[in-house]
Amino acid sequence: IDGVGVVGAETFSVEDFVPQRIDLDVTADTATPMRANENRPITANVRFLYGAPGAGLPVEGNTRVEADPNPFPQLQGFVFGRHNEEFRESTFDLADVTTDGAGKAVLMLDPRQADNATSSTPLRMRTVVSAIEPGGRAVRDDVRISYRPSERYVGMKPAFEDSSSPEGKEAKFEIVSADRAGALKAAEINWRLVRIDWKYNWYRNGDSGAWQWRSSREVVEVEEGAARIAEGQRGAITTRALDWGDYELYLTDSGSGSEASMAFWAGWGGQPQEGVESPDRVRVEVPDSLPAVGKTVEVTILPPYSGEA
């Protein structure tokens, strides 16, 4: 502004849009699960969009080891592995390669490069392959390969919904022992049912004098047993009638040592949430079917310790 000078400024850039100039097609054997210590080739085919092969172009790969959200499509509803296992995903880079005269390059996927590729739950390797255009821009595609380092995987499927079994009734589960491809195998499954009780202790803070609390988790053995599964079949577990509370069911394949576990709640609705309860709160549950206006309703109050409601 005349007489004042610069009162403001803004920067911007003007760029040309450069369309993608190469096409990348990534292929690999995704039907056969990988075993531990097995290498798997991943093929990248690169061509220019005007038809010529993408020869002499660098190709890079990065792999993430992650839990497989749907390891065995034929076993929908089954959960595999330990429910309280905190699997830490890891990533690693594949060795860089260059396309040949036909625009082809092969990267080798080696799970031993991963920092963490061991879990009780089925895993998969998700590899993102990048082909670099002459101008430096990357064109990407990905491939997902099942990774099964264990020979067997134990799974269970509850006969109830929302992790909530009816109070005062038996809890029922379907169980399976599957190989890497999901085929059902004969097995002897040892199972153990426990109840989780929470104990609370009040104490006075020595500095501020304020009352505080801490909780402790007590595991109470409820029931155990063994179930035999025939080749190609599913097995079943039926517990005794369960009172209100949080429960955990543990399975172990006696032959392979594979494990699975699940947390569930006995009573109307709700799900067990470890460690979130506080001693000044209670669980309040109502029936699934509410009564009509003017009728009575039974409300269940489940406090963390005895007292007057």
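Hydrogens, waters and symmetry mates are skipped; everything else that's a heavy atom, side chains included, is used. Small disclaimer: the values here were computed from a predicted structure and weren't measured.
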Show your reasoning for whether side-chain hydrogen bond (donor to acceptor under 3.5 Å, both in side chains) applies to D25 and N45. CA-CA 5 Å; D25 180 41; N45 291 287; 4.5 Å; no
Roughly how far apart are [X] [atom1] and [Y] [atom2], rounded to 0.5 Å?
X	Y	atom1	atom2	value
I237	I175	CD1	CD1	4.0 Å
I196	Y247	CD1	OH	10.5 Å
D179	S150	CG	OG	12.0 Å
M262	H83	CE	NE2	9.5 Å
R40	T30	CZ	OG1	8.5 Å
S215	N201	OG	CG	9.0 Å

Shortest non-hydrogen contact from [X] toward [Y]:
X	Y	answer
F87	S119	CD1-CB, 3.8 Å
D115	S90	N-OG, 3.9 Å
G182	F72	CA-CD2, 3.4 Å
F92	L109	CZ-CD1, 3.8 Å
K157	Q76	NZ-O, 3.6 Å
A28	I145	CB-CD1, 4.0 Å

Give the cluster check for [X] versus [Y]: same hydrophobic cluster or not, with ILVMFWY residues linked at side-chain heavy-atom distances below 4.5 Å.
X	Y	result
I132	L107	no
V79	L249	yes
L94	V26	yes
V176	M156	no

Sub-4.5 Å side-chain heavy-atom contact between [X] and [Y]:
X	Y	answer
W244	W265	yes
I229	I189	yes
M125	P111	yes
V154	F80	no
F78	Y153	no
E224	N190	no
T121	D68	no
R217	W198	yes

Less than 4.0 angstrom from a charged side-chain N to a carboxylate O is my criterion; do [X] and [Y] meet it?
X	Y	result
R88	E86	no
D243	R195	no
E85	R82	yes
K199	D197	no
R144	D142	yes

Who pairs with Y50 by ring-ring contact (aromatic ring centres under 6.0 Å, His included), at least two apart in sequence or on another chain?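 Result, ring-ring contact (aromatic ring centres under 6.0 Å, His included) vs Y50: F48.
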side-chain hydrogen bond (donor to acceptor under 3.5 Å, both in side chains) for Q212 and Y203? Distances and angles first, verdict last. CA-CA 5 Å; Q212 295 179 326; Y203 67 96; 3.2 Å; yes
Checking R112 against Y147: charged group under 6.0 Å from the ring centre and within 45 degrees of the axis?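 Verdict for Y147: no cation-pi partner in R112.
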Given 3.5 Å as the limit, does a donor-acceptor pair link the side chain of [X] with the main chain of [Y], or not?
X	Y	value
E38	R35	yes
T252	G257	no
E133	A138	no

Side chain to side chain contact (heavy atoms under 4.5 Å, CB included) partners for P69, two or more places apart: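 For P69 the side chain to side chain contact (heavy atoms under 4.5 Å, CB included) partners, ignoring immediate neighbours, are R124.
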Can you name the residues that form a side chain to side chain contact (heavy atoms under 4.5 Å, CB included) with S208, not counting sequence neighbours?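 For S208 the side chain to side chain contact (heavy atoms under 4.5 Å, CB included) partners, ignoring immediate neighbours, are N205, A210.
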Heavy atoms of other groups near [X] [atom1], more than 12 under 6.0 Å:
X	atom1	result
E161	CD	no
E151	CD	no
E89	CD	yes

Can R64 and T91 be said to form a side-chain hydrogen bond (donor to acceptor under 3.5 Å, both in side chains), step by step? CA-CA 4 Å; R64 176 179 294 276; T91 61; 5.5 Å; no
Could you check whether the rings of F160 and F264 sit parallel, tilted or perpendicular, using 30° and 60° as the cut-offs?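 Correct class here is tilted.
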Could you tell me whether the side chains of E248 and S261 share a donor-acceptor contact shorter than 3.5 Å?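 Looking only at side-chain atoms, S261 and E248 do not form any donor-acceptor pair under 3.5 Å.
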